Amino acid sequence: MKKILTIQDISCLGKCSVTIALPVISAMGVETVILPTAVLSTHTMFKNFTVRDLTEDLIPITDHWKSEGVHFDAIYTGYLGSMEEIAIAERIFDEFKDDDTLIFIDPVMADNGKLYPAFDMAYAKRNAELCGKADIIVPNITEACFMTDTEYREEYDEAYIRTLLDKLAALGARHTVVTGVSLSAGKTGVYGLDKETGKTFVYQNDRVDAQYHGTGDLFSSVSVGALMRGFSMEEAFAVAADYTADTIRETLKNPDKPWYGVDFEATIPALLDRLKKTEQ
Ligand code: PXL
């Protein structure tokens with residue numbers, strides 16, 4: 001069984017980061033080791049959330065793993081709370097990256113043209129450096145803009161995305177996949193570039209007109225899980241994009257109208273069916 005380490009916070013209530021990565025990647029049949037960077041009462045879109053920072057604990061935890069001789073097939077980072085935690089993530093890459101370890105970075109920090117409350121431009125720049133250490137990065141358009149000093153646009157054409165991809169590729173990762181890319185009305189999806197071969201790929205599905213928290217984490221978790229299950233890059237991102245859209249659709253049916261997270265618990269069986277079918 002493949003083994004992933006995911007480094008991100010635990011938001012106790014809110015369905016994002018570890019509370020998505022752990023159940024979803026585990027359900028996909030991939031062992032999921034967690035390194036919680038902080039414990040928050042909720043994610044940061046709630047008011048008055050509490051935070052217990054765990055920065056000091058990270059190295060002692062990973063030193064213990066080192067002494068146990070643990071090997072990771074992938075290291076997946078999501079929301080990191082500070083520059084110091086970015087530096088620790090880099091140290092963990094250096095210590096645990098073997099020839100076959102995939103470094104997958106979701107530079108979680110912004111959406112809809114704005115940085116999340118905890119972050120500033122200096123953090124965005126530091127995240128850009130972190131991305132240089134990855135094999136695969138999956139920023140959304142806002143994060144891509146902050147990391148490459150590009151003007152954020154709501155309306156854009158394919159040339160704008162291609163320019164973003166080239167600038168992101170220059171940060172250093174071999175594979176860049178920009179998420180939330182809409183190339184025609186009513187559609188959304190991903191646009192990827194392999195900088196070594198120069199090959200691009202595009203996947204577009206129907207846009208569901210609703211915004212929920214944690215959908216980026218869901219997309220990344222399913223992508224990295226599918227890659228670990230042996231799917232090609234294009235298949236993995238297509239499965240993740242479809243699953244994310246299906247889960248938003250499912251959440252819209254919920255009469256309780258949850259605002260803070262998606263009902264991925266209801267769509268995991270369909271994800272597992274899709275994995276089986278794609279594998280056949
Ligand atoms: O879903 C990204 C995320 C993860 N963790 C925390 C967050 C957010 C987005 O706001 O606040 C704590």
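Remember, it's 1-based here, ligands and their atoms both numbered in the order they're listed. This chain uses plain numbering: 1 for the first residue, then up along the sequence. Only a predicted model underlies this, so the values are computations on that prediction, with no experimental measurement involved.
- A donor-acceptor contact closer than 3.5 angstrom is absent between the side chains of Glu84 and Ser82.
- Atoms of ligand 1 lying under 4.0 Å from any heavy atom of Ser11, numbered from 1 in the order shown and given with element: 6 (C), 12 (C).
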*Before giving the answer on ring pair (Phe, Tyr, Trp, His ring centres under 6.0 Å), spell out for Tyr203 and Phe237 the whole-Å C-alpha distance, their side-chain angles and the decisive distance to 0.1 Å.*
CA-CA 8 Å; Tyr203 185 74; Phe237 288 111; over 10 Å; no
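- In this structure, Phe119 and Tyr123 have parallel ring planes: the angle between them is below the 30° cut-off, well short of the 60° mark.
- Nearest to atom 7 (C) of ligand 1 among the protein's heavy atoms is Tyr79 CE1, 3.4 Å.
- Counting atoms of ligand 1 from 1 in the listed order, those under 4.0 Å from a heavy atom of Val108 are 2 (C).
- Protein heavy atom in closest approach to atom 5 (N) of ligand 1: Asp9 OD1, 2.8 Å.
- A salt bridge between Asp63 and Lys66 is absent, with no side-chain N of the basic residue lying under 4.0 Å from a carboxylate O of the acidic one.
- Within the 4.0 Å heavy-atom criterion, the part of His213 lying near ligand 1 is the side chain and not the backbone.
- Heavy-atom distances between Ser17 and ligand 1 reach below 4.0 Å in at least one pair.
- Here is the list of ligand 1 atoms found below 4.0 Å of a heavy atom in Cys16: 1 (O), 4 (C), 5 (N).
- By the 4.0 Å N-to-carboxylate-O rule, Glu129 lies too far from Lys125 to be salt-bridged with it.
- Ion pairing between Lys97 and Asp135 holds under the 4.0 Å rule for side-chain N and carboxylate O.
- Listed by number with element, the atoms of ligand 1 under 4.0 Å from a non-hydrogen atom of Met45 are 10 (O).
- With respect to Glu85 and Arg126, no salt bridge is recorded, no charged nitrogen being found less than 4.0 Å from a carboxylate O.
- Residue Leu40 has at least one heavy-atom neighbour below 4.0 Å for each of these atoms of ligand 1: 12 (C).
- The part of Asp217 lying near ligand 1 is the side chain, judged by heavy-atom distances below 4.0 Å.
- Taking the side chain as every heavy atom from C-beta outward, Leu13 and Phe46 approach each other to under 4.5 Å.
- The protein heavy atom nearest to atom 11 (O) of ligand 1 is Thr44 OG1, 2.5 Å.
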